[in-house]
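Only one structure is covered here, and it is reproduced in the block below.
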Amino acid sequence: MDVDVSKEYAKSLDDQDELAAFRKEFYVQPETIYMDGNSLGLLSKRAEKSLLDVLDSWKQLGIGGWMQGKYPWYYLSEELGEKSAPLVGAKSEEVIVSGSTTTNLHQLVATFYQPVGKRNKIVADELNFPSDIYALQSQLKLHGLDPEEHLLQVSSPDGRQILEGDIIEAMTEEVALVVLPTVLYRSGQLLDIQRLTEEAHKRGILIGFDGCHSVGAIPHRFHEWGVDFAYWCNYKYVNNGPGGVAALFVHEQHFGKNPGLAGWFGSDKHSQFDMSHTFQPAKDAGAYQIGTPHMLSTAPLIGSLELFQEATIERVRKKSLHATRYMMDLINEELWSFGFAIGNPDEDHRRGGHVCLEHPEAARICKSLKDYGVVPDFRAPNVIRLAPVALYNTYVEVWETVQLLKRIMDEQLYLKYENERDVIA
Ligand SMILES: *Cc1c(COP(=O)(O)O)cnc(C)c1O
């Protein structure tokens with residue numbers, strides 16, 4: 001393979017990087033290479049500032065902060081939905097910032113899963129994140145249905161990928177709803193969202209996507225593709241902090257549907273404070289909110305989304321693809337003799353923002369990486385996830401990460417750790 005493995009080459013890539021200036025917007029710790037932005041994005045100075053601004057409104061205005069101050073809280077979830085819309089290719093009113101990934105999934109399934117006669121099954125996949133599966137199982141139980149029978153999990157041929165063909169085959173006349181990840185959290189496979197949406201709709205099936213591992217890394221066109229709904233967290237690639245408030249998308253063709261789980265913050269904003277016992281939902285995605293929004297864990301998103309607006313998701317994706325390609329090239333060149341395998345798809349249009357590096361000793365290789373200053377994450381049983389994030393990682397960091405892996409393997413530094421995961425991996 002023809003790849004320049006010199007550090008000079010990595011430096012030259014940084015010199016040409018048009019997003020390089022964004023790194024100084026973030027709190028990047030000295031002596032640490034952070035490759036875990038796919039699990040928890042780093043704090044930016046602007047996110048910190050917007051959080052402090054919102055705290056200040058509380059300090060200065062008390063309850064007045066709902067309508068006054070720099071970012072009046074009452075309208076903030078809608079305004080940030082509008083600012084999130086370019087990340088997912090949606091109209092402004094189709095996105096609301098609210099809840100968490102899992103609670104949003106509950107809300108959307110409670111709304112869009114309407115079993116009728118024999119059309120009563122949900123299709124998911126066997127590699128999705130556990131929380132999504134738990135939510136689907138419990139939603140089926142609420143309908144008095146048995147998840148063993150009514151939740152169809154499309155199987156993977158290799159433990160890494162799910163084949164679009166297999167998903168389409170599972171879309172029978174017994175299926176009411178399909179729920180899939182955009183990008184699989186372990187292998188980083190990017191599904192063909194447009195094709196799957198078309199195929200579902202041809203068969204009269206609704207389809208929703210979990211965008212946790214793609215939003216903030218990859219452009220989407222949810223509106224144009226006709227995706228029925230989507231939901232995602234903002235604490236991974238969108239950098240709004242641990243447990244930061246999530247978001248959801250509902251296609252405008254579904255506006256006017258009553259949310260399955262109603263609450264007063266889903267009300268039409270003008271009549272909410274009439275305090276009527278007749279729920280009058282907002283006309284757009286705002287209807288899917290439930291209770292009072294979590295302002296302090298929404299606030300960092302104000303600053304975060306500003307950075308995306310300036311960088312644009314297209315440039316973020318371009319750099320991310322280039323940096324992950326460079327990392328894979330270096331891995332193939334420098335680590336081939338140590339028993340590693342790359343578990344993510346190779347083609348650009350089929351992979352997300354992280355490299356999935358597999359090794360039987362992955363748990364303890366991760367521990368040694370951390371001890372020597374590189375933060376990866378581990379997914380049992382054998383996956384090291386490495387995400388060079390476009391807004392704050394450099395090409396030299398990618399190079400150094402691979403050099404450290406080489407040293408850990410060469411000198412067998414990993415042998416001094418147990419090959420088991422920690423409580424949080
Ligand atoms: C991160 C992630 C979650 C986490 O759900 P929370 O409700 O935010 O805890 C769920 N699903 C997927 C696919 C994820 O990647």
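Quick caveat: nothing in here was measured; it's all calculated off a predicted structure. All ligand and atom numbering here is 1-based and tracks the order in the structure. Quick note: residue numbers are just sequence positions, from 1.
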Just say parallel, tilted or perpendicular for the rings of [X] and [Y], cut-offs at 30° and 60°.
X: Phe209; Y: Phe222; result: parallel
X: His213; Y: Tyr185; result: tilted
X: Trp73; Y: Trp66; result: perpendicular

Cation-pi geometry met for Lys367 and Tyr414 (6.0 Å, 45°):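 The answer is no, since Lys367 fails at least one limit relative to Tyr414.
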
Trace of the side chain to side chain contact (heavy atoms under 4.5 Å, CB included) decision for Val54 with Ile302: CA-CA 10 Å; Val54 169; Ile302 303 168; 4.2 Å; yes

Quick one: look up the protein heavy atom nearest [atom] and list residue, atom name and how far away it is.
atom: atom 13 (C) of ligand 1; answer: Asp210 OD2, 3.2 Å
atom: atom 8 (O) of ligand 1; answer: Tyr235 OH, 2.6 Å
atom: atom 11 (N) of ligand 1; answer: Asp132 OD1, 2.7 Å
atom: atom 1 (C) of ligand 1; answer: Lys236 NZ, 1.4 Å
atom: atom 7 (O) of ligand 1; answer: Thr102 OG1, 2.6 Å

Within-cut-off N or O pair, His213 and ligand 1, under 3.5 Å: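 Yes; the residue has a nitrogen or oxygen that sits under 3.5 Å from a nitrogen or oxygen of the ligand.
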
Close-contact set for ligand 1 against Ser100 heavy atoms, below 4.0 Å: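 Selected atoms, number and element: 7 (O).
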
Proximity to ligand 1 by part of Pro181, non-hydrogen separation under 4.0 Å: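 The answer is neither.
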
Salt-bridge present (Asp348, Arg317; N to O < 4.0 Å):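 The answer is no: the pair does not qualify as a salt bridge.
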
